[in-house]
Amino acid sequence: MGEGPCVAVPLYLQPRLEPPLASLLDDPLFLHSLVDALGSPLNVLLPDRIAENAERFRSVYRKHHLTGRVFFAHKANRSSAFVRRLAATDPAEVGVDVASLGELQHALGAGFTPGRVMATGPKTPEFLWLAARAGAAVNVDSSAELGQLADLVRKYALPRVEVLLRLSEFVSADAGTGVKVLSRSSRFGSPAGEVSALLDTVERHRDAVELIGFAYHLDTTGLAEKALALERCVMVMDECHAMGFAPRVIDIGGGFGVGYVADAGQWERYTTELTNAVLGTRPALTWQGHGYGLRNEGGTLRGALGLYPAHRPSAGPGYLDELLSLPAPSLGRPLGTLLLEHLYELYTEPGRALVDQCGLTLARVLDVRPAGAGTGSGGHLVRLGLNAGDVSLEEHGVLVDPVLLPRTEGGDEGEGPVGVHLVGNLCLEGDLITRRTVFLPRLPRIGDLLAFANTAGYAMDFHAHSAQRQPVARTVAVLRDGGSWRWCLDEEYWPITTPGGPVS
Ligand SMILES: *Cc1c(COP(=O)(O)O)cnc(C)c1O
């Protein structure tokens with residue numbers, strides 16, 4: 001290698017790869033042919049896997065004998081293939097959560113009947129009108145929004161709308177012990193303590209809205225916070241029944257998480273060494289000593305590591321199972337049992353977890369050169385045909401290695417692991433794909449591909465832009481067909497079999 005520090009012990013963060021994503025990566029010839037035809041960057045989706053993930057969530061419902069629906073939080077990915085594929089699953093079990101007028105139109109156009117659609121997020125009058133006109137349920141954020149929706153219903157003689165009241169800021173009911181667990185504050189939802197005012201508003205608008213339940217979405221991995229919120233919703237529902245309302249649904253939102261890194265040991269080693277690097281007891285592991293939230297103040301470690309917990313012992317459906325098995329904080333019985341006893345329906349809105357293992361982002365290696373002094377720990381700069389907006393893992397604090405897909409076989413005799421910096425295609429000093437040194441099994445060559453696995457949740461198109469007129473990634477859907485792969489553009493995908501079409 002010559003340049004840069006030697007890489008005695010590469011600190012890998014190898015991705016968790018399950019079928020069919022793993023077998024897709026085993027076919028570099030196919031992936032190279034796609035990028036040759038469609039350019040770099042390129043997003044590749046596996047729509048059958050999203051249906052399988054929905055089924056895994058459903059099996060947790062069955063295990064706990066619960067009814068209700070799994071709603072895909074559309075915002076995690078713009079793709080048509082995912083939404084169309086899910087539209088073709090059991091209508092009673094799988095729905096879609098839309099957070100904009102565009103997503104609502106997209107879901108209806110993909111084949112979701114309005115009864116399977118839940119409108120959440122910040123809403124415009126047009127979004128509310130279309131949801132009400134079509135007959136989708138509305139997850140209401142505040143008394144004011146409820147009033148606005150009711151006014152629209154009356155003014156335009158729309159059918160009565162099913163609504164859920166979204167709550168936030170849950171306080172522990174266990175006031176006797178003085179222990180108060182406060183869930184994080186949120187821009188969305190109404191404080192749980194203000195439920196009675198909300199119910200007054202529902203009462204006033206009974207002609208226009210029908211209260212079907214309560215909802216929350218906590219952007220955390222903390223189980224205790226979620227257990228508290230779920231129990232509080234059960235209690236609020238009970239109070240509602242006493243008041244003559246008949247809500248039947250508890251919607252626990254998303255946030256079930258994804259395990260990105262396969263190996264717990266790699267993750268622990270990496271974060272330990274990152275801490276050591278910040279303290280200066282080992283060479284840097286990042287561009288210009290970036291600390292991901294940690295800093296060294298006179299030899300003392302300060303701050304907090306602002307990273308997604310990339311190795312997760314339980315995530316997705318497993319996390320839901322754990323939550324439902326947990327005892328309710330003050331009522332004691334498992335939360336799943338509590339729901340079952342009350343015959344309440346469970347709604348979930350997984351985004352990231354539902355697109356787990358559902359796709360990857362490909363980038364061509366455009367240039368490889370020795371890194372200048374003082375840049376960091378990577379011996380080389382590897383310039384890619386994409387930018388940080390095209391693969392926004394870093395934006396979400398997700399650290400995981402890309403997979404090197406060589407253009408040609410062999411020719412790597414004598415080469416070993418290397419530490420590199422991945423830089424993007426923008427004319428900006430700061431366009432780094434990740435600020436950490438990435439360890440690869442060998443130095444990439446121009447024309448090789450790097451595959452960023454498991455990017456379908458927020459990392460694929462959420463932050464993509466067309467700055468500098470660099471190409472926005474095309475998106476294709478791929479399906480296994482016997483021993484090979486078939487593909488089509490995302491917008492051409494429909495979940496039916498057509499002669500010569502993509503779906504087998
Ligand atoms: C973003 C969002 C979700 C999905 O969250 P994930 O962490 O991707 O599972 C679900 N519900 C609401 C209301 C959201 O805003």
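First listed ligand is number 1; within each ligand, the first listed atom is number 1.
A heavy-atom distance below 4.5 Å is not found between the side chains of E345 and Y61.
A salt bridge between R16 and D356 is present, with a side-chain N of the basic residue lying under 4.0 Å from a carboxylate O of the acidic one. A salt bridge links R206 to E203: one of the charged nitrogens lies within less than 4.0 Å of a carboxylate oxygen. R56 and E18 are joined by a salt bridge, as a carboxylate oxygen and a charged side-chain nitrogen come within less than 4.0 angstrom of each other.
Those atoms of ligand 1 that come under 4.0 Å of a heavy atom in R352, given as number and element, are 6 (P), 8 (O), 9 (O). Every atom of ligand 1 with a heavy atom of G255 under 4.0 Å away is listed here by number and element: 5 (O), 6 (P), 7 (O), 9 (O). The contact set between ligand 1 and A73, taken as ligand atoms under 4.0 Å from a residue heavy atom, comprises 3 (C), 4 (C), 10 (C). Which parts of ligand 1 touch G351 is read off a 4.0 Å heavy-atom cut-off, strictly below it: atoms 4 (C), 6 (P), 8 (O), 9 (O).
The nearest heavy-atom contact from the protein to atom 5 (O) of ligand 1 is H217 CE1, 3.3 Å. Distance from atom 10 (C) of ligand 1 to its nearest protein heavy atom, with residue and atom name: E349 O, 3.1 Å.
By the 30° and 60° cut-offs, the orientation of the rings of W267 relative to Y270 is parallel.
Within the 4.0 Å heavy-atom shell around ligand 1 one does not find A353. A heavy-atom separation below 4.0 Å is not found between F71 and ligand 1.
With distances taken over non-hydrogen atoms, the option nearest atom 1 (C) of ligand 1 out of H74, K75, R166 is K75.
Remark: side-chain polar atoms of E273 are not paired, donor with acceptor, to backbone N or O of R269 under 3.5 angstrom.
Only the side chain of D97 comes within 4.0 Å of ligand 1, judged by heavy-atom distances. Using a 4.0 Å cut-off between heavy atoms, Y458 contacts ligand 1 through its side chain alone, with no backbone atom that close.
Exactly one residue among V138, L104, L101 makes a side chain to side chain contact (heavy atoms under 4.5 Å, CB included) with K123. That residue is V138.
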Exercise. Would D401 and Y260 count as a side-chain hydrogen bond (donor to acceptor under 3.5 Å, both in side chains) if you check the C-alpha gap in whole Å, the side-chain angles of each, and the deciding distance to 0.1 Å?
Worked result: CA-CA 9 Å; D401 294 342; Y260 288 95; over 6 Å; no
